[in-house]
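These notes concern the structure reproduced below.
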There are 2 protein chains.
Amino acid sequence: MRAAALALFARHGFAAVSMRQIAAEVGVQAGALYNYTPDKQSLLFDLMRSHMEELLEALPSNSAAPVTEQLEEFVRFHIAFHDERPDLVFIAYMELRSLEPDNFAVIEQLRGRYETVLESILQIGAGEGAFSVGDTKVTTLAIIAMLTGVTTWFRPEGRLSLRAVQDQYWNMVHRMVTVAPERTV
Amino acid sequence: MRAAALALFARHGFAAVSMRQIAAEVGVQAGALYNYTPDKQSLLFDLMRSHMEELLEALPSNSAAPVTEQLEEFVRFHIAFHDERPDLVFIAYMELRSLEPDNFAVIEQLRGRYETVLESILQIGAGEGAFSVGDTKVTTLAIIAMLTGVTTWFRPEGRLSLRAVQDQYWNMVHRMVTVAPERTV
DNA sequence: GTCTATATTCTGATAGAC
DNA sequence: GTCTATCAGAATATAGAC
């Protein structure tokens with residue numbers, strides 16, 4: 001049921017999907033779904049919370065490694081993890097406004113913890129002189145927006161391999177946080 | 001009515017907003033709305049199409065200027081234009097899936113034209129040796145995702161001025177497309 | 001644990017008075 | 001051009017048989 005709901009929410013949006021549609025996808029009648037979830041809102045919330053918790057748990061944290069390597073690891077991890085769960089990533093971002101206030105607060109807090117991991121890497125790197133960034137919060141949000149955008153177009157069977165995409169994004173992020181070169185033009 | 005619908009769609013999502021809610025916001029009864037739109041779908045489509053057309057019309061195109069200046073102009077324009085219409089930008093991105101197939105095709109084509117403007121700048125710059133980019137399509141999507149993300153957090157009365165945000169994003173984009181420096185760490 | 005049936009409310013859209 | 005009233009159907013969720 002969770003898988004069916006996830007696919008439908010990602011394709012049509014939470015509000016546009018009815019419990020009857022989910023039931024039809026599973027192959028049961030609508031009433032049977034309520035043996036597995038108390039209501040529709042909980043179904044969305046559980047999907048989003050478990051996704052965010054898995055994301056945080058899977059996040060590598062080699063705080064002993066050089067910051068540049070930590071940043072590279074973060075970039076590659078973000079793209080790979082999101083590639084494996086495109087629907088979950090999509091709804092975790094798109095359906096925030098469909099959450100009731102209490103549920104929203106929980107997800108928002110988990111999001112904040114994820115962003116803080118990246119921001120800490122940038123701050124430490126800036127302190128060491130390894131990175132040159134302006135505002136670390138702005139840079140954090142810019143990098144996450146850029147990386148998350150990959151899910152809107154990347155397909156494993158497409159023109160570029162996952163590895164090639166990771167390479168190119170790491171290259172872009174690396175340049176973004178490294179001191180500007182002499183003008184070449 | 002368009003303004004009321006826009007605000008509600010941006011906050012709750014197209015599917016989650018009823019014609020009665022829009023009417024209540026305007027201060028009329030639901031039936032009266034149908035003097036101004038044939039149906040709810042057209043209301044969304046008209047908002048999105050007029051937004052995309054204004055975006056394309058306002059887009060500067062100084063093809064005589066150096067490509068680096070063209071890119072800087074694009075970056076600053078994108079952020080400023082989107083800052084002025086946060087709700088429109090939000091629904092133009094979030095509600096693509098709420099469009100019926102024919103309407104979706106129209107909006108998608110307009111999106112493509114906008115992306116092509118940026119990609120052309122990158123391609124010309126790469127050809128001239130002014131830029132060093134990997135895949136121009138990937139770079140285009142990465143830059144647009146990064147810039148569009150600004151609307152999710154930027155507030156004019158916030159900590160950073162619009163100008164400061166433009167400066168920092170231009171700095172990041174400029175580094176992204178410029179040849180990598182010698183390793184500093 | 002799934003079914004059928006249903007309570008209740010809401011939905012987009014229309015008809016006709018004024 | 002807006003109102004009231006309404007149509008026809010869909011929505012979430014529940015009750016009770018099996």
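Here is how names work: the chains are called A, B, and so on, in the same order as the sequence lines, proteins then strands, and each is numbered from 1. Treat the numbers as computed from the prediction; the structure is a model and nothing was measured.
Distance B:M19 CE to D:dT6 C1': 17 Å, rounded to the nearest Å. As a whole-Å value, the separation of A:Q29 CD from D:dA15 P is 19 Å. D:dT4 atom C1' lies 15 Å from atom CG of B:L33, rounded to whole Å. As a whole-Å value, the separation of B:N35 CG from D:dC3 P is 10 Å. With rounding to whole Å, A:K40 atom NZ is found 12 Å from D:dA10 atom C1'. Per the geometry, CG belonging to B:L43 stands 14 Å off C1' belonging to C:dA13, to the nearest Å. Rounded to an integer number of Å, the gap from CZ of A:F14 to P of D:dA11 is 13 Å. Across the protein-nucleic acid pair, B:Y34 atom OH and D:dA5 atom P stand 19 Å apart, rounded to whole Å.
A:Q168 and B:T139 share a donor-acceptor pair across their side chains, judged by distance under 3.5 Å alone.
Closest to the side chain of B:S18, out of C:dA13, D:dG1, C:dG12, is C:dG12. Nearest nucleotide to the side chain of B:A32, out of D:dT2, C:dT2, C:dG12: D:dT2. Distances from the side chain of A:Y36 to the nucleotides C:dG12, D:dG1, C:dG1 place C:dG1 closest.
Contact annotation for A:V26: no contact, since no heavy-atom pair falls under 4.0 Å across all strands.
Checking A:P38 against A:Q21, the closest nucleotide of DNA chain D that is more toward the 5' end is the one next to A:Q21.
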